[in-house]
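Okay, so here's the structure we're looking at.
Scope of the values below: all heavy atoms of this structure, side chains included, with no hydrogens, waters or symmetry mates. Quick caveat: nothing in here was measured; it's all calculated off a predicted structure.
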Amino acid sequence: LEEGSRFAQDFWAGVLHLPMLNYTQVQTMVYLAISLLGFLTIFSARTRGPFCSRRPGAPLLVAGIFALAASSALAGTDFLTAMSPSEERPRSALPCRVIGAVW
């Protein structure tokens with residue numbers, strides 16, 4: 001989020017009290033949101049009624065816990081920066097409060 005944008009000042013930093021993010025952190029935040037929503041869609045699409053009406057099978061539950069935990073852990077580390085060949089790339093790790101807001 002741009003430092004000077006009105007949205008960032010009024011809502012993101014003012015109302016939510018979340019830290020300002022650089023471009024690579026915004027990319028990481030979008031990755032985390034897509035990853036979480038994509039996997040949680042499996043839980044909601046597997047039944048005709050509410051997603052909590054039937055308990056998921058053990059393999060799906062284990063895969064879900066692993067995938068969601070791995071996505072959150074990768075978003076909280078500088079994994080993207082470490083894998084990048086460029087040395088000048090800014091930090092990509094998200095603060096825990098931002099990860100919580102995405103969840």
Sequence neighbours left out, what pairs pass side-chain hydrogen bond (donor to acceptor under 3.5 Å, both in side chains) with at least one residue falling in residues 94-103?
S72-W103
N/O donor to acceptor pairs below 3.5 angstrom from side-chain atoms of residues 32-40, sequence neighbours left out:
{"unit_1": "S35", "atom_1": "OG", "unit_2": "S71", "atom_2": "OG", "d": "2.6"}

Would you say Q25 and V98 make side-chain contact, with heavy atoms under 4.5 Å?
no
Can you see which heavy atom on [X] is nearest to which on [Y], and at what distance?
{"X": "R46", "Y": "R55", "result": "NH2-C, 3.8 Å"}
{"X": "P56", "Y": "L61", "result": "CG-CD1, 4.0 Å"}
{"X": "V102", "Y": "M29", "result": "CG2-CG, 3.5 Å"}

Who else is in V62's hydrophobic cluster (ILVMFWY, side-chain heavy atoms under 4.5 Å, direct or via others)?
none
